[in-house]
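Structure first, commentary second.
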Amino acid sequence: MEQRISESIRELFGIEIIPQVSRPEAKFGDWATNVAMQLAAQLGRAPREIAEQIAAHLRESGNYSEVSVAGPGFINLKISDGALRALADTIPKKSRDDMTVVIETNNPNPFKAMHIGHAFNAIIADTIANLLETSGARTHRVSYHGDVGLHVGKSMWALLRYVDGDAERLRDVPEGEHNSFMSQMYAEGARAYKEDETAKTGIDELSKQSFAREDALYAAVYDTVFGWSFEQIDTIVARLGNKPTDKPPFLESEADVRGVKVVKDNVPNVFQESDGALIFRGSEYGAFDNVFVNRNGQGLYGARDLGLMLLKNEKYHPDKSYIVTAEEQKDYFKGVLAAARLAMPELTDVTVNISTGTVKLTTGKMSSRDGDVIEIAWLFDQVAEAIKARGGEPTEDVMAGALRYAFLKQRVGGDVVFDVNESVSIQGNSGPYLQYAHARACSILGKVGDNFLGVARGDIPQYDEHERSLIRKIGEYSEVVERATIELAPHHICTYLFELAQEFNRFYEQCPILGDGRQRVRLSLVDHYRRTLAAGLGVLGIVAPEKM
RNA sequence: GCACCCGUAGCUCAGCUGGAUAGAGCGCUUGCUUGCGGAGCAAGAGGUCGUACGUUCGAAUCGUAUCGGGUGCACCA
């Protein structure tokens, strides 16, 4: 498209220019370009006059069924119905062919419950992974978890009190309550750490033990609850519709060893000693000064993230490695990446941090520190209620679809205000709306079974107004997916699929299909639409049900 | 204090590589039940695109300033 126009301009004016081409409102045409206005200053002539000249030239080419000039100098182009249908068969270009990428798609810490914020990040990361795969990259979903450190100490403090010398007592906790039990234990430990000096000392000691785990009781309790954590994480993540991560997961204890070595090996050229700690002067690189190894020689998260980069590289040799985190960690990662560039130059520009916004309730920010968390099971219950209220069947696919879509429809990076009723809504611009639209199309197709012949290839149909609008919209799919994969922006797909479903619903209201004289053409459109919608939902990780 | 992000309809958000009367969902008002799934469709009300300058033929979009909100800034992750 761009190429043809730029050729015309070269022939007419001898100017090289890449014209801007856009998809205008349907009443203007299938495509539009403002290139005449871009050229006006250069040529010193009126834009409309230039537009007329280009339009005449394009008309002669015979590539368009209609070429017109409108407004201040737009050139509107319309293509034939046959060309429109061919366009709808276009497959998105693969912008990352031959690339290997790694992406962290979930990293909630063991010994704590997963909450909305984890779900939000996990869904975004998993969908970005889908986009990476769609763009042709060999994609490895990985996870990284804090198996050692202070938060473990806090949980262990409460857990050891609970078992009171006998690890078997953990069996008393019913399986379905593991998540809230862990949540409760962590909250108790966290409170004691803040309020009770004696407890604080004990917790600090228990934190240290998380590395070696030499005490038999400690190890037994740790192993049991550690196991529960991963069962919970895997179950919940699957329930959210995420694809599973590679096993075994990356652990902070492993990353720690490697990272601390990197830091120590790079003193004083990259890291400097300050107050007995090893720090990186991130303030010289647009971040902030940060401690990587504390004065006791223990690695902090900065060191561990460096170690993790090494581990990922050894396992996968990725061209790109994505880490999706909340925006709070944006500047922190800027510093880590700057340090990595200096300390591990061979890995420069491999790791990229994508930051997401904050999930907020109407009542404030999600937090796991004070135990005031919204658990994901509760969230699913809310969705189920909302679906039942509409007389629907709350299947796992529909609940996951509602949640994923609610989290994915905004641009990545912005805050999400999580109004439970609003986000869980199953009408309007929502996951279930799309799923319903898909089921409806399936229902129609199911009534004719495999008996309909559709329109044979090469048989160019003449579309009526509504049919044409639908096929035109279907034809935008590949462009939208390309844009979303390049920008790693799933919301473009959400916006498009919603418009597509709306276009279909409009078509559906206006055009009788079964028994109509245009049945073949219309059935073929329904089928084409159904496939496109299913493909788009697939990229979002949302199941396209045949019935609901 | 310094840095980064955000500010578009009552609410939640698209649009931001500058272009045609600024779009959608929710909510509100009205219409569509004799047709393939009404979780739908159609129509209406609702906007100084935070504010002010600037660049441009043209600014929600770019620049500067300013106001408002959020986040980060040393041994926690």
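Each chain gets a letter, A, B and so on, in the order the sequences are listed, and its residues count up from 1.
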Can you find a side chain N or O atom of A:Tyr433 that sits less than 4.0 Å from OP1 or OP2 on B:rC41?
yes
Among B:rA42, B:rG40, B:rG37, the one nearest A:Glu509 by side-chain distance
B:rG40
Assess whether a salt bridge exists between A:Asp30 and A:Lys78, defined as any Lys/Arg side-chain N lying under 4.0 Å from an Asp/Glu carboxylate O.
no
Quick one: do A:Glu479 and A:Arg23 make a salt bridge, cutoff under 4.0 Å?
yes
Are A:Phe498 and B:rA24 stacked, counting the six-membered base ring, centres under 5.5 Å, planes under 30°?
no
Check whether any side-chain nitrogen or oxygen of A:Arg522 sits under 4.0 Å from OP1 or OP2 of B:rC36, and answer yes or no.
no
Just N and O in the side chain of A:Arg411: are any of them under 4.0 Å from OP1 or OP2 of B:rC6?
no
When the C1' atoms of B:rG47 and B:rU8 are considered, how many whole Å apart are they?
8 Å
So what does A:Thr495 hit on the nucleic acid, given a heavy-atom distance under 4.0 Å: a base, only sugar-phosphate, or nothing?
sugar-phosphate
Does a nitrogen or oxygen in the side chain of A:Arg506 sit under 4.0 Å from OP1 or OP2 of B:rA42?
yes
It should be established whether A:His491 places a side-chain nitrogen or oxygen under 4.0 Å from OP1 or OP2 of nucleotide B:rG15.
yes
Ion pair A:Glu195/A:Arg191, N-O distance below 4.0 Å:
no
From the options B:rA20, B:rG40, B:rG37, select the nucleotide whose nearest atom is closest to the side chain of A:Lys447.
B:rG37
I'd like the P distance from B:rU34 over to B:rA45, given in whole Å.
28 Å
Hey, is the side chain of A:Gln502 poking within less than 4.0 Å of OP1 or OP2 on B:rG25, counting only N and O atoms?
yes
Counting only side-chain nitrogens and oxygens, does A:Tyr301 get under 4.0 Å of the OP1 or OP2 atom of B:rA77?
no
With sequence neighbours excluded, residues passing side chain to side chain contact (heavy atoms under 4.5 Å, CB included) with A:Lys447
A:Ser443, A:Leu514
Ion pair check, A:Asp464 and A:Arg468, cut-off under 4.0 Å
no
Whether A:Tyr332 contacts B:rA74 is assessed here as follows: a side-chain N or O lying under 4.0 Å from the phosphate OP1 or OP2. Is that the case?
no
Closest to the side chain of A:Gln20, out of B:rC76, B:rA39, B:rG18, is B:rG18
Applying a 4.0 Å non-hydrogen cut-off, can you work out what A:Gln435 is touching in the nucleic acid: base, sugar-phosphate, or nothing?
nothing
Looking only at side-chain N and O atoms, does A:Ser425 come under 4.0 Å of OP1 or OP2 in B:rC26?
no
Where are the stems of RNA chain B, defined as at least 3 consecutive Watson-Crick or wobble G-U pairs with both distances under 3.5 Å?
B:1-7 with B:67-73, B:10-13 with B:23-26, B:28-32 with B:40-44, B:50-54 with B:62-66
Taking atom CG of A:Leu43 as the centre, does the number of heavy atoms from other residues, nucleotides or ligands within less than 6.0 Å exceed 12?
yes
In whole angstrom, give me the gap between the C1' atoms of B:rG27 and B:rG44.
14 Å
Give a yes or no on whether a salt bridge exists between A:Glu509 and A:Arg506, defined as a side-chain N under 4.0 angstrom from a carboxylate O.
no
